[in-house]
Amino acid sequence: MSSIDEDMVDEIRRLLDRPILLVGLMGAGKTRMGREIAKVLNLPFTDSDDEIEKAACMEIAEIFEKFGEPYFRDGERRVVSRLLEQGLAVIATGGGAVMMPETEEAIRNKTLSIWVRAEMAVMVERTSRRDNRPLLQKGDPEKILTELAAKRYVIYEKSDIVIDSHNGPAEAILNQALEKIRNFLRYEKRRAG
Ligand code: S3P
């Protein structure tokens, strides 16, 4: 079993100057990965879906049902914009957040962005464990996720880093993520001179 490289963690902490933000489809593992990255880097973790629910005092499914998707998207845009102002942190976003042009621009300019990518079968299996995602209640989840992938991957792939999330050993995936973050920050520093 691999263990966490403390020198790598220290270097990331020294170089990081903005929030780390995770994007990716439902079931890709953004929340889990975000929590783990936040824990090893000793940073606060926030999930934008949780913040939307707190602000609305309602679950996401209920917001969609009562007020519709555009209302949810507007709340999501405001919540993500607020979260980006909180300083160093790790933020997991809902799968559609980055599709709002204003949010996408803010993510590009103000965060170190990570696309958490997973195989379709993995996302289908993970999302089937709960029925809390209104977009997947409208038909065959695999078909819906495939359609969303076709629209969204062109945006997700503009992220600074891509991390593959599979059902393998969590620590190995986390180490790989940390290494990519460290390498990206090193590259940025070199480029800045
Ligand atoms: C959505 C993803 C969900 C949640 C909402 C809509 C989407 O978050 O924001 O149900 O449009 O992909 P997760 O990606 O965390 O499941």
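First listed ligand is number 1; within each ligand, the first listed atom is number 1.
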Side chain [X], main chain [Y], donor-acceptor under 3.5 Å:
{"X": "Glu104", "Y": "Val98", "result": "no"}
{"X": "Ser165", "Y": "Ala118", "result": "no"}
{"X": "Tyr156", "Y": "Gly95", "result": "yes"}
{"X": "Ser81", "Y": "Arg77", "result": "no"}

Check: Is Arg152 near ligand 1, meaning one of its heavy atoms is under 4.0 Å from it?
Finding: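 In this structure, Arg152 qualifies as a contact of ligand 1 - some heavy atom is under 4.0 Å.
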State the atoms of ligand 1, each with its element, that fall below the 4.0 Å cut-off from a heavy-atom position in [X].
{"X": "Lys30", "value": "13 (P), 14 (O), 15 (O)"}
{"X": "Gly96", "value": "7 (C), 11 (O), 12 (O)"}
{"X": "Arg133", "value": "16 (O)"}
{"X": "Pro134", "value": "10 (O)"}

Next item on the list: Only heavy atoms count here, so choose which of Gln137, Arg73, Glu69 is nearest to atom 6 (C) of ligand 1.
Entry: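 Checking each option, the heavy atom nearest atom 6 (C) of ligand 1 is found in Arg73.
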Checklist line | From the candidates Val116, Thr31, Asp49, the one that places a heavy atom nearest atom 9 (O) of ligand 1 | finding: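 Minimum heavy-atom distance to atom 9 (O) of ligand 1 goes to Asp49.
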Item checked: Residue part near ligand 1, for Leu135, under 4.0 Å between non-hydrogen atoms ->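 For Leu135, the contact with ligand 1 is made by the side chain alone.
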Notebook entry, point to check: Considering only heavy atoms, does Met123 approach ligand 1 within less than 4.0 Å through its side chain, its backbone, both, or neither?
Noted result: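 It is neither part, as no heavy atom is under 4.0 Å.
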Notebook entry, point to check: Taking C-beta and beyond as the side chain, do Ile37 and Ile114 meet within less than 4.5 Å on heavy atoms?
Noted result: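 Heavy-atom side-chain distance check passes, below 4.5 Å.
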Margin query: Counting only nitrogen or oxygen atoms and a 3.5 angstrom limit, does Phe72 reach ligand 1?
Written below: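 Phe72 vs ligand 1: no N/O contact under 3.5 Å.
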Note to self: Test of understanding: with side-chain contact (heavy atoms from CB on, under 4.5 Å), list the residues that count as partners of Ala38, not counting sequence neighbours.
What the structure shows: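 Once residues adjacent in sequence are excluded, the partners of Ala38 under the side-chain contact (heavy atoms from CB on, under 4.5 Å) criterion are Phe45, Val90.
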Note to self: Less than 3.5 Å apart, any donor N or O on the side chain of Arg82 or Thr46 sitting next to an acceptor on the other?
What the structure shows: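 Their side chains do not contain a donor-acceptor pair, so the 3.5 Å distance test is not met.
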